[in-house]
Amino acid sequence: MDITNERNNAIDAEVVASISDKLFQVMPLLRKRMLRVDGVQSEYGIPFSHVQVLAMLENSGSMSVSEISRRFGIAKPNITPLVDRLISAGFVERVRNKADRRVVDVYILDSGRQKLKEIQQALHEQVISWSDTISSQDFVELSDALSTIIRIMGEI
């Protein structure tokens, strides 16, 4: 038996089914209740996918279009128009990589940082508003669960 089969046999089929089920349950909750994805565009005039790119650029400093594409899991030709719209909005700029002139890096500008900060502040206020309906213990559990998700998803 090879290592892959041994590993697959070690993973409980019920746990796998439970994770699959929970992913379907959590996706709409994250989009509608936690992140209010639809509201971001109407309130801030920027699609959530653009916010995600700004956040990635804020965290990394700069990224090539290929790297953004890889992180999103979307083909490079589909990321290019998104970056073009961010450039048109004045949130990012393209700069040729000095080490490899074939590579074009995307950098977040101060206006992009400001827009991201506004959206992050609104999210912060939204999370504070949850204190009306969930306990402080639930806040801690949610924080721990999100940390676990980030850690595990980073390993995949």
S.K.: Can you check whether Asp105's main-chain N or O pairs, donor with acceptor, with Ser62's side chain at less than 3.5 Å?
M.R.: no

S.K.: With a cut-off of 3.5 Å and sequence neighbours excluded, list every side-chain donor-acceptor pair involving residues 81-88.
M.R.:
from  : atom 1 : to    : atom 2 : distance (Å)
Asp84 : OD1    : Arg94 : NH1    : 2.9
Asp84 : OD1    : Arg94 : NH2    : 2.6
Ser88 : OG     : Asp84 : O      : 3.1

S.K.: According to a hydrophobic-cluster definition based on side-chain heavy atoms being under 4.5 Å apart (Ile, Leu, Val, Met, Phe, Trp, Tyr only), do Leu23 and Ile150 belong together?
M.R.: no

S.K.: Counting only N and O atoms by type, is there a donor-acceptor contact under 3.5 Å from the side chain of Lys115 to the main-chain atoms of Gly45?
M.R.: no

S.K.: Could you give me the CA-CA distance, side-chain angles and deciding distance for Val104 and Val65, then say whether side-chain contact (heavy atoms from CB on, under 4.5 Å) is met?
M.R.: CA-CA 7 Å; Val104 177; Val65 173; 5.8 Å; no

S.K.: Would you say Ser129's side chain and Gln126's backbone share a donor-acceptor pair under 3.5 angstrom?
M.R.: yes

S.K.: Indicate yes or no: at least one non-hydrogen side-chain atom of Phe72 is less than 4.5 angstrom from one of Met56.
M.R.: yes

S.K.: Which heavy-atom pair separates Lys76 from Ser69 by the least distance, and what is that distance?
M.R.: N-OG, 3.1 Å

S.K.: How far does CD of Gln114 sit from CG of Leu109, to the nearest 0.5 angstrom?
M.R.: 13.0 Å

S.K.: Which residue pairs pass the salt bridge (charged side-chain N to carboxylate O under 4.0 Å, His left out) test with at least one member in residues 124-151, sequence neighbours excluded?
M.R.: Arg151-Glu155

S.K.: May I have the step-by-step check of side-chain contact (heavy atoms from CB on, under 4.5 Å) for Ile46 and Leu54, ending in yes or no?
M.R.: CA-CA 11 Å; Ile46 182 171; Leu54 291 176; 3.8 Å; yes

S.K.: Backbone N or O of Val16 within a donor-acceptor pair of the Ser20 side chain at under 3.5 Å?
M.R.: yes

S.K.: For Arg71, what residues pass the side-chain hydrogen bond (donor to acceptor under 3.5 Å, both in side chains) criterion, not counting sequence neighbours?
M.R.: none

S.K.: Please check: side-chain N/O of Asn59 versus main-chain N/O of Ala55, any donor-acceptor pairing under 3.5 Å?
M.R.: yes

S.K.: Is atom CD of Gln121 surrounded by more than 12 heavy atoms (other residues, nucleotides or ligands) closer than 6.0 Å?
M.R.: yes

S.K.: Measure the OG1-CD1 distance between Thr80 and Ile74 for me, rounded to the nearest 0.5 Å.
M.R.: 11.5 Å

S.K.: Not counting sequence neighbours, which residues clear side-chain hydrogen bond (donor to acceptor under 3.5 Å, both in side chains) with Glu58? List them please.
M.R.: Arg113

S.K.: Same hydrophobic cluster for Leu116 and Phe48, using side-chain heavy-atom links shorter than 4.5 Å among ILVMFWY?
M.R.: yes

S.K.: Please round to the nearest 0.5 Å and tell me the distance separating atom CG of Leu57 and atom CZ of Phe91.
M.R.: 12.5 Å

S.K.: Please list, chain by chain and in numerical order, all residues satisfying side-chain hydrogen bond (donor to acceptor under 3.5 Å, both in side chains) with Lys22, sequence neighbours excluded.
M.R.: Ser18

S.K.: Do Ile108 and Val103 land in one hydrophobic cluster if side-chain heavy atoms of ILVMFWY residues count as linked below 4.5 Å?
M.R.: no

S.K.: Who clusters with Val95? Use side-chain heavy atoms, under 4.5 angstrom, across I, L, V, M, F, W and Y, and order the result by chain and number.
M.R.: Tyr107

S.K.: Measure the CG-OG distance between Asp100 and Ser64 for me, rounded to the nearest 0.5 Å.
M.R.: 10.0 Å

